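Protein chains get the first letters and strands the later ones, always in sequence-line order, with residue 1 at the start of each. Remember, it's a predicted structure, so these values are computed and weren't measured experimentally.
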2 protein chains.
Amino acid sequence: MGLKDSTTEEKILEAAKEVFMKYGLYGARMQDIADTAGINKALLHYYFRSKEKLFDAVFDGALEKYFSQMNVIGDKSMPIKDRLMQYVDNMFEFFTEYPQMSMFIIKEISINPEMFHEKVKHLKNQKSLLIPTLQEAIDNGEINSFDPVIFMVNLHSLCAYPFLASPLYKLMLKKHGYDWNGEAKDKIKESVKDFISFKFQ
Amino acid sequence: MGLKDSTTEEKILEAAKEVFMKYGLYGARMQDIADTAGINKALLHYYFRSKEKLFDAVFDGALEKYFSQMNVIGDKSMPIKDRLMQYVDNMFEFFTEYPQMSMFIIKEISINPEMFHEKVKHLKNQKSLLIPTLQEAIDNGEINSFDPVIFMVNLHSLCAYPFLASPLYKLMLKKHGYDWNGEAKDKIKESVKDFISFKFQ
DNA sequence: ATTAAGTTTAACCATATGGTTAAACCGTTT
DNA sequence: AAACGGTTTAACCATATGGTTAAACTTAAT
């Protein structure tokens with residue numbers, strides 16, 4: 001019950017992240033995780049009692065990171081437009097660092113929505129900060145009225161989809177002279193900012 | 001080698017679609033497919049030699065349907081704006097009928113890009129019709145100049161992501177008074193049309 | 001009715017897989 | 001050095017899984 005060797009546990013978690021994110025709960029193999037971590041398979045069960053428990057640790061971490069990131073939004077000292085531009089920058093930075101995360105979360109929820117329903121209760125940042133922020137700017141008369149919920153869906157679409165579909169784009173954009181890991185990502189980010197700029201004169 | 005009972009083969013393919021799309025190649029179980037189809041497991045191997053072959057049949061069908069759909073775009077008799085609006089309608093119709101398809105295709109490509117690379121060669125409609133169509137409208141002076149490749153990415157983002165993320169939205173939009181299966185989908189479609197309208201005065 | 005060909009099933013097989021256990025291996029305390 | 005606690009490993013177990021086989025079944029042609 002004492003302190004466990006943190007580095008081993010972290011090695012396991014890192015490997016589990018990699019394998020679960022790629023193959024999902026059912027597609028992932030414990031032996032694969034052990035090999036990736038460079039340890040014995042029995043150690044997985046020593047640190048995390050079962051495959052499900054290990055998966056939970058990975059999934060909980062992902063949910064926490066994902067939802068807290070989605071709520072990073074600048075304070076009221078800036079105009080709403082600047083805050084949104086910064087929000088776009090943050091999303092692109094986040095998805096660049098964790099390109100597989102949205103796919104992982106969405107896919108696992110689609111397989112097992114009940115589990116997600118249970119887990120979301122224990123999250124601290126479950127409600128979007130973006131929507132009340134937009135609503136406030138509308139109420140202030142800072143921007144013209146529109147539906148902030150629908151706008152949030154559009155904005156997340158524009159930012160998240162290019163990364164979700166990057167396995168496709170990595171192979172298909174070449175035909176049009178673009179390299180995903182090169183200029184494409186930045187050009188897309190600028191185009192997203194262009195897109196939402198129209199909404200704010 | 002003669003004609004096989006078409007209904008059994010179709011039952012298998014239907015079940016395989018369902019199970020593979022949900023769990024992916026590695027997560028899917030042959031027994032699960034057999035149970036879903038209501039047949040003996042050995043029959044799967046009688047009609048399709050192996051799990052991989054059965055998966056190929058499903059994946060090839062999905063690729064074919066997906067890429068041919070992405071190229072349905074009206075002819076030059078209409079103004080470019082109307083053609084794009086129709087394109088949006090088509091995408092929303094398609095994703096409503098096959099909500100899991102983009103997820104399935106993208107996920108499997110991300111696990112095994114080489115396989116996709118091989119398969120895409122044998123596709124008839126591999127290159128996007130949207131991009132040359134936009135380029136033509138720009139060259140004609142019908143619309144102001146912009147990058148058609150980046151625009152295509154944005155447009156597909158706006159249309160595809162809401163369905164990709166629908167497992168999430170189904171659970172989260174309720175908090176804001178929306179029902180995914182009710183009004184939300186249509187409101188999002190209209191907002192997408194609004195978004196792209198800005199590009200065309 | 002018999003044959004022939006395709007179809008379907010139950011019973012099997014070899015291996016993969018999640019999980020367990022007892023022993024070995026540390027590092028620290030006494 | 002002995003004892004103790006946490007850590008790691010090899011060997012093992014029960015079941016799941018993809019795949020095979022031989023026999024039973026169905027249908028149509030002769």
Using a cutoff of under 3.5 Å, can you pull out all pairs of nitrogen or oxygen atoms linking the protein to nucleotides 21-26 of chain C, with atom names and distances?
none

Identify the pairs formed between an N or O of the protein and an N or O of nucleotides 16-19 of chain D at a distance under 3.5 Å, and give each distance.
| unit_1 | atom_1 | unit_2 | atom_2 | d |
| --- | --- | --- | --- | --- |
| D:dT17 | OP1 | B:R29 | NH1 | 2.9 |
| D:dG18 | OP1 | B:A28 | O | 3.3 |
| D:dG18 | OP1 | B:K51 | NZ | 3.2 |
| D:dG18 | OP2 | B:M30 | N | 2.9 |
| D:dG18 | N7 | B:K41 | NZ | 3.1 |
| D:dG19 | OP2 | B:H45 | NE2 | 3.3 |
| D:dG19 | OP2 | B:K51 | N | 2.8 |
| D:dG19 | N7 | B:K41 | NZ | 2.9 |
| D:dG19 | O6 | B:K41 | NZ | 2.7 |

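Ring geometry for A:F163 versus A:W180: interplanar angle over 60°, hence perpendicular rather than tilted (30 to 60°). Between B:H156 and B:Y87, the angle of the ring planes stays under 30°, which puts this pair in the parallel group of the 30/60° scheme. Taking the six-membered ring where tryptophan is involved, the planes of A:F94 and A:Y98 are tilted, since the angle between them lies from 30° to 60°.
Donor-acceptor pairing under 3.5 Å is lacking for the side chains of B:N90 and B:Q86. Residues B:Q135 and B:D139 have side chains that bring a donor and an acceptor to within less than 3.5 angstrom of each other.
Considering CG of B:L155 and OH of A:Y161, their distance stands at 10.5 Å, rounded to 0.5 Å.
Following rounding to the nearest Å, A:F48 (CZ) and D:dT7 (C1') show an atom-to-atom distance of 15 Å. Note: CD (A:E9) to C1' (D:dT8) measures 15 Å, nearest angstrom. In this entry the distance linking CG of B:N40 with P of C:dG6 reads 20 Å, nearest Å.
Between B:T8 and C:dT8 there is a side-chain polar atom (N or O) within less than 4.0 angstrom of OP1 or OP2. Contact annotation: B:Y47 reaches the phosphate of C:dT8 (side-chain N/O to OP1 or OP2, under 4.0 Å).
In this structure, the side chains of B:I196 and B:K81 stay at 4.5 Å or more apart for every pair of heavy atoms. Contact of the B:F59 side chain with the B:F104 side chain is registered, since non-hydrogen atoms from C-beta on lie closer than 4.5 Å.
Closest to the side chain of B:Y46, from the set C:dG6, C:dT9, D:dA10, is C:dG6.
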